[in-house]
Amino acid sequence: MPFLENWKTSVGFTILGLVAGLISYSSAATDPVLKIGNSSFNFFIVLSMASITFIVLSIIYAAVIFPSLFSYKPLFKSSKVISFANGFFGGLIFGLIWNSNLTKRYKGISYKVFIVTNIVGIALILIGNYVAPISRFGFFSII
């Protein structure tokens with residue numbers, strides 16, 4: 001793995017990634033453009049779809065791009081881009097673990113744990129925002 005021989009985490013880009021990820025993930029809650037109608041149910045549909053989209057992109061990063069960094073053909077080659085992406089997609093916990101793993105040249109299982117916990121997160125979003133309101137109000141009352 002010649003790429004990791006010279007690996008040095010970019011702390012500044014990691015911090016930028018953490019801040020950008022936080023803003024991206026939370027902006028759906030405050031963006032008036034995403035508020036559809038006056039219904040809080042519509043708002044939560046849009047918010048949950050934005051959350052699910054971010055989570056799916058994060059899962060793709062963890063499942064495809066992060067493991068490739070330990071191969072002979074990494075998909076990203078810039079330590080600044082990778083440090084930013086680790087912070088952006090992995091957040092405070094997994095982003096820092098991933099940067100640490102790259103420094104140690106050890107893939108570990110954190111990316112697998114991240115994938116599983118985020119799939120559970122998507123399931124909870126779907127149950128909380130779609131199944132629960134449908135069962136509480138009846139299917140035809142929300143159409």
Side-chain angles (χ1 to χ4, degrees), residues 1-137 139 142-143:
M1 294 174 279
F3 166 72
L4 290 179
E5 289 174 7
N6 298 321
W7 172 259
K8 182 164 172 54
T9 298
S10 173
V11 175
F13 277 88
T14 300
I15 292 170
L16 284 174
L18 289 168
V19 171
L22 180 65
I23 291 170
S24 297
Y25 188 71
S26 63
S27 66
T30 59
D31 189 350
V33 174
L34 292 178
K35 294 180 182 174
I36 300 173
N38 293 325
S39 169
S40 61
F41 183 75
N42 287 338
F43 171 71
F44 283 114
I45 289 175
V46 173
L47 178 61
S48 63
M49 291 311 296
S51 297
I52 289 171
T53 301
F54 185 82
I55 293 170
V56 167
L57 291 174
S58 298
I59 289 171
I60 291 169
Y61 178 80
V64 177
I65 296 172
F66 181 75
S68 82
L69 302 176
F70 296 89
S71 71
Y72 287 99
K73 293 184 180 180
L75 294 174
F76 291 170
K77 295 183 180 175
S78 165
S79 64
K80 291 178 181 177
V81 170
I82 295 165
S83 295
F84 178 88
N86 284 345
F88 184 79
F89 292 114
L92 185 60
I93 296 171
F94 287 99
L96 297 180
I97 290 171
W98 293 342
N99 280 340
S100 174
N101 287 353
L102 288 168
T103 301
K104 296 174 187 174
R105 293 161 186 76
Y106 173 72
K107 188 176 0 180
I109 64 165
S110 60
Y111 70 101
K112 293 177 182 178
V113 172
F114 179 85
I115 292 167
V116 170
T117 57
N118 278 282
I119 289 172
V120 170
I122 289 174
L124 292 175
I125 289 171
L126 292 174
I127 290 168
N129 290 328
Y130 298 107
V131 176
I134 289 171
S135 63
R136 189 170 80 196
F137 297 114
F139 180 73
I142 62 169
I143 295 180

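Small disclaimer: the values here were computed from a predicted structure and weren't measured.
- Legend: residues meeting side-chain contact (heavy atoms from CB on, under 4.5 Å) with Lys8, ordered by chain and number and at least two apart, are absent.
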Output a table of donor-acceptor pairs, distance under 3.5 Å, between side-chain atoms of residues 54-67 and any protein atom two or more places apart or on a different chain; print 'none' if there are none.
{"unit_1": "Ser58", "atom_1": "OG", "unit_2": "Phe54", "atom_2": "O", "d": "3.0"}
{"unit_1": "Tyr61", "atom_1": "OH", "unit_2": "Asn86", "atom_2": "OD1", "d": "2.5"}

Considering only distance and modelled atom types, tabulate donor-acceptor pairs under 3.5 Å from the side chains of residues 117-124, sequence neighbours left out.
{"unit_1": "Thr117", "atom_1": "OG1", "unit_2": "Val113", "atom_2": "O", "d": "3.0"}
{"unit_1": "Thr117", "atom_1": "OG1", "unit_2": "Phe114", "atom_2": "O", "d": "3.0"}
{"unit_1": "Asn118", "atom_1": "ND2", "unit_2": "Phe114", "atom_2": "O", "d": "2.8"}

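- Of the inter-residue distances, the one linking Ile15 atom CD1 with Phe84 atom CZ reads 12.5 Å to the nearest 0.5 angstrom.
- Contacts of Val81 classified as side-chain contact (heavy atoms from CB on, under 4.5 Å), with partners at least two apart in sequence or in another chain: Phe76, Ser78.
- When all heavy atoms of Asn101 and Lys107 are compared, the closest pair comes out as ND2-O, 3.3 Å.
- Partners of Ser10 according to the side-chain contact (heavy atoms from CB on, under 4.5 Å) rule, which considers only residues two or more places apart in sequence or in another chain, are Phe13, Lys80, Ser83.
- Contact detail for Arg105 and Glu5: the closest heavy-atom pair is NH2-O, 2.9 Å.
- In this structure, Ser110 contributes its side chain and Ile97 its backbone to no donor-acceptor pair below 3.5 Å.
- More than 12 heavy atoms of other residues, nucleotides or ligands sit less than 6.0 Å from atom CG of Leu75.
- A donor-acceptor pair is defined here as one N or O able to donate and one able to accept, closer than 3.5 Å; no such pair exists between the side chain of Thr9 and the backbone of Val11.
- Evaluation of the side-chain contact (heavy atoms from CB on, under 4.5 Å) rule for Leu96 yields Thr14, Leu92 as partners, not counting sequence neighbours.
- At a threshold of 4.5 Å between non-hydrogen side-chain atoms, the residues Trp7 and Ile82 count as touching.
- In this structure the side chain of Phe88 never reaches within 4.5 angstrom of the side chain of Leu16, judged on heavy atoms.
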